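The next block holds one structure in the form of structure tokens; read it before the comments.
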Amino acid sequence: MKVIKTFGDILDKVFRIFLQILVAAMAIVILMQVVFRYFFHSPLSWSEELARFSMIWITFFGASIAFKENSLSRVDLLVEMMPKTIKKALFIITDLIMLVITTMLFKYSVDLVKLPGTIMQKSAGLHLPMPIVYICAPIGLGILMVQIIIRCICIFDRPSEEVSK
């Protein structure tokens, strides 16, 4: 059990560092774009695209961190009024539903990355192969699936009295 939690924590730390780098890079690129556009009257052709792609990566990777920290939005008014044993069952059921949906999205995102049209396509400003941009979906969803599984195992392992998300 401790090994599984440690693995989840390591994943979390690695992707937090990656997200910090992406946010910093996005901020620097946007600042550069403003400076070049308004002071040098020569806008960068690739900056908006890089900022957009960074935001997409941040969104997919940030979802797993938000899930791990319980920061995703939810309505839990009825759940909080339930007895602890029912609450534990509801948490497990909702996590399993999330796992099924995330697994389906993962499968479709892998299919999207493997499409011939995607493989041959390049971005307009950076001339990056589009699979580099689209691969963030399977990676982010895969990490989210791992975090969901880890939380399900942790909920199973805890007594009903200690269950709260």
Side-chain angles (χ1 to χ4, degrees), residues 1-31 49-115 118-119 123 126 128-165:
M1 180 63 184
K2 194 170 189 164
V3 173
I4 293 171
K5 270 191 91 113
T6 305
F7 176 70
D9 291 341
I10 290 170
L11 262 180
D12 185 55
K13 285 179 184 174
V14 167
F15 281 96
R16 278 179 190 271
I17 292 169
F18 186 68
L19 284 174
Q20 290 169 349
I21 291 168
L22 279 175
V23 169
M26 188 172 72
I28 290 168
V29 166
I30 291 171
L31 180 65
E49 193 172 90
L50 181 61
R52 186 179 322 117
F53 292 162
S54 296
M55 183 59 111
I56 293 168
W57 278 76
I58 290 167
T59 302
F60 276 101
F61 291 164
S64 68
I65 292 172
F67 178 82
K68 186 174 189 303
E69 289 185 352
N70 259 344
S71 297
L72 295 176
S73 61
R74 66 174 190 252
V75 179
D76 59 357
L77 178 67
L78 292 175
V79 174
E80 291 301 321
M81 291 191 283
M82 299 290 174
K84 295 189 186 304
T85 53
I86 294 175
K87 198 187 290 189
K88 181 176 181 176
L90 287 174
F91 286 152
I92 292 170
I93 290 168
T94 56
D95 283 351
L96 290 176
I97 291 170
M98 283 182 63
L99 183 62
V100 168
I101 292 169
T102 306
T103 303
M104 289 173 32
L105 289 171
F106 176 81
K107 184 225 180 283
Y108 291 127
S109 65
V110 169
D111 292 345
L112 175 68
V113 172
K114 293 189 317 187
L115 283 174
T118 304
I119 293 172
S123 67
L126 294 168
L128 281 174
M130 288 309 285
I132 291 174
V133 177
Y134 290 151
I135 198 75
C136 68
I139 294 171
L141 291 167
I143 296 162
L144 181 58
M145 287 168 38
V146 168
Q147 295 292 5
I148 293 170
I149 291 167
I150 289 171
R151 184 157 80 185
C152 282
I153 291 170
C154 289
I155 290 173
F156 270 122
D157 195 46
R158 280 186 271 173
S160 294
E161 297 82 37
E162 297 176 14
V163 172
S164 65
K165 280 198 174 185

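Worth saying up front: this structure is predicted, and the values here are computed from it rather than measured.
- The list of side chain to side chain donor-acceptor pair (under 3.5 Å) pairs with a residue in residues 7-17, not counting sequence neighbours, reads Asp9-Lys68, Asp12-Arg16, Arg16-Glu69.
- Side-chain contact between Leu31 and Ile28 is absent, with no heavy atoms from C-beta onward closer than 4.5 Å.
- Nearest heavy-atom pair across Val113 and Ile119 is O-CG1, 3.6 Å.
- Once rounded to the nearest 0.5 Å, the distance linking CD1 of Ile58 with CZ of Phe18 reads 9.0 Å.
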Which donor-acceptor pairs under 3.5 Å do the side chains of residues 129-149 make with protein atoms, sequence neighbours left out?
from, atom 1, to, atom 2, distance (Å)
Gln147, NE2, Gly8, O, 3.4

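- Among all heavy-atom pairs drawn from Trp57 and Leu19, the shortest one is O-CD2, 4.4 Å.
- Ile30 pairs by the side chain to side chain contact (heavy atoms under 4.5 Å, CB included) definition with Met26, Ala51, not counting sequence neighbours.
- Checked against side chain to side chain donor-acceptor pair (under 3.5 Å), Lys114 has no partners two or more places apart in sequence or in another chain.
- Note that the OG1 atom of Thr59 and the CG atom of Leu22 stand 10.5 Å from one another [nearest 0.5 Å].
- Rounded to the nearest 0.5 angstrom, Ser109 OG and Met104 CE are separated by 12.0 Å.
- One distance of note links CZ of Arg151 with CG of Leu99; it measures 11.5 Å at 0.5 Å rounding.
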* To do: Would you check, one step at a time, whether the test side-chain contact (heavy atoms from CB on, under 4.5 Å) holds for Lys5 with Lys2?
  => CA-CA 5 Å; Lys5 270 191 91 113; Lys2 194 170 189 164; 5.7 Å; no
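- Of the inter-residue distances, the one linking Ile153 atom CD1 with Asp95 atom CG reads 11.5 Å to the nearest 0.5 angstrom.
- For the atom pair Ile155 CD1 and Lys87 NZ, the distance stands at 12.0 Å (nearest 0.5 Å).
- For Ala66, the side chain to side chain contact (heavy atoms under 4.5 Å, CB included) test picks out Ser71, Leu72, with sequence neighbours left out.
- Ser123 contributes a side-chain N or O that, together with a main-chain N or O of Leu128, makes up a donor-acceptor pair within less than 3.5 Å.
- Scored by the side chain to side chain contact (heavy atoms under 4.5 Å, CB included) test, Ile10 finds Thr6, Val14 as partners (sequence neighbours excluded).
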